[in-house]
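These notes are about the structure you will find just below.
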Number of protein chains: 2
Amino acid sequence: MKSDDAVLALGALAQESRLAVFRLLVKRGPEGYSPGDLIEKLGIPAPTLSFHLRELQRAKLIGARREGRFLYYSANFDRMRGLIDFLTEKCCSLSDTECDSACVPIPVARRRRA
Amino acid sequence: MKSDDAVLALGALAQESRLAVFRLLVKRGPEGYSPGDLIEKLGIPAPTLSFHLRELQRAKLIGARREGRFLYYSANFDRMRGLIDFLTEKCCSLSDTECDSACVPIPVARRRRA
DNA sequence: AAAACAATTCCATAGAATTGGAAGTATGAA
DNA sequence: TTCATACTTCCAATTCTATGGAATTGTTTT
């Protein structure tokens, strides 16, 4: 996963309602929930929910399939794994390799002389 | 980590400059970088950087110490681990189940011309 | 003390995200 | 066909976020 995708995915999850929706969808698995199910569970007005589902979809964290007049949204586990891998590799590992040559040595701050 | 903290932390990382700052700080380790170092590396104007550092700090993803007139910001690895654990447990369980090609974009409703 | 330097806060502005009522589209049932 | 249901898009109001120049605070040097 690239940095831009990560920013998009992080942004998609960085909202109370959307995080709640996503967690429900993860718990649910591939079967998914319809917007109607989610409205019932979370009490979010339909247009607002629709907006949030779109954001999650834009980040490719969820997908949807249609069944008759129902839509079923479900979590994209691969994508979520990709995000977690990105965070783990790029944001949570202090690599033993030292800074590259572009790195500026930090100035050694001298305490005030006594 | 609770849901509210996760939303805060996700929001803090969901911005290009802030993610770049955080990644540099992670790579750097406990020694940290001063705002001046980061300005040189990323070319962000000082007040803008200051604003972003504040956001990261608000989410407790970074901390700072002062040495003389320099400040040194460094990544809070515990906090980051907490976030990743939250995402893994709460948002990526059921990862044994697959949800790949079943998830397709929903048909987009086209507006009828008047 | 004054100057220089590191970094911050102040603040105005621009832009993006969120919200939900009203109106539209899609599908199946009567 | 017409109706009801499921869901979406449209749109405007509001609220958050990001940006960077100017002013300010804290610290060291001269």
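Throughout, protein chains are lettered first and strands after them, A, B, ... in sequence-line order, and every chain is numbered starting at 1.
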Same cluster or not: [X] versus [Y], using hydrophobic residues (I, L, V, M, F, W, Y) connected whenever any side-chain heavy atoms lie under 4.5 Å apart?
X       : Y       : result
A:Phe51 : A:Leu42 : no
A:Ile39 : A:Leu56 : yes
A:Tyr72 : A:Val26 : no

Check: Can any side-chain N or O of A:Arg65 pair as donor or acceptor with the backbone N or O of A:Ser74 at less than 3.5 Å?
Finding: no
Starting at [atom1] of [X], measure out to [atom2] of [Y] and round the result to the nearest 0.5 Å.
X       : Y       : atom1 : atom2 : value
A:Leu25 : B:Cys91 : CG    : SG    : 10.5 Å
A:Ile84 : A:Met1  : CD1   : CE    : 10.0 Å
B:Leu24 : B:Arg28 : CG    : CZ    : 10.0 Å
A:Leu8  : A:Ser3  : CG    : OG    : 11.0 Å

Check: For B:Lys60, does the NZ atom have more than 12 heavy-atom neighbours from other residues, nucleotides or ligands under 6.0 Å away?
Finding: no
Provide, to the nearest angstrom, the distance between the [atom1] atom belonging to [X] and the [atom2] atom belonging to [N].
X       : N      : atom1 : atom2 : value
B:Leu53 : C:dT8  : CG    : C1'   : 11 Å
B:Ile39 : D:dG20 : CD1   : C1'   : 12 Å
B:Arg66 : D:dT25 : CZ    : P     : 14 Å
B:Arg54 : C:dT8  : CZ    : P     : 10 Å
B:Leu56 : C:dT8  : CG    : P     : 12 Å

Check: Any side-chain hydrogen bond (donor to acceptor under 3.5 Å, both in side chains) pairs touching residues 35-48 of chain A, not counting sequence neighbours?
Finding: A:Ser34-A:Asp37
Next item on the list: If a pair satisfies side-chain hydrogen bond (donor to acceptor under 3.5 Å, both in side chains) and one of its residues is in residues 4-19 of chain A, list it, with sequence neighbours excluded.
Entry: A:Arg18-A:His52
Margin query: Using every non-hydrogen atom in the two residues, find where B:Leu61 and B:Arg79 come nearest and quote the distance to one decimal.
Written below: CD2-CG, 3.9 Å
Check: Once Watson-Crick and G-U wobble pairs under 3.5 Å are found, how is DNA chain D written in dot-bracket notation, 5' to 3', with | for any base paired to another strand?
Finding: ||||||||||||||||||||||||||||||
Could you list the protein-to-nucleotides 2-6 of chain C atom pairs, N/O on both sides, closer than 3.5 Å?
{"unit_1": "C:dC5", "atom_1": "O4'", "unit_2": "B:Arg69", "atom_2": "NH1", "d": "3.4"}

Margin query: Go nucleotide by nucleotide along DNA chain C from the 5' end; which of A:Glu67 and A:Ile44 gets its closest nucleotide reached first?
Written below: A:Ile44
Notebook entry, point to check: Do A:Pro35 and A:Leu53 come within less than 4.5 Å of each other through their side chains, counting heavy atoms only?
Noted result: yes
Note to self: Generate the contact string for nucleotides 14-19 of chain C. Rules: B means base contact, S means sugar-phosphate contact only, - means no protein heavy atom under 4.0 Å.
What the structure shows: ----BB
List every contact pair, protein side and nucleotides 13-15 of chain D side both N or O, where the distance is under 3.5 Å.
none

Next item on the list: Would you indicate, yes or no, if D:dA6 has its OP1 or OP2 atom less than 4.0 angstrom from a side-chain nitrogen or oxygen of A:Tyr72?
Entry: no
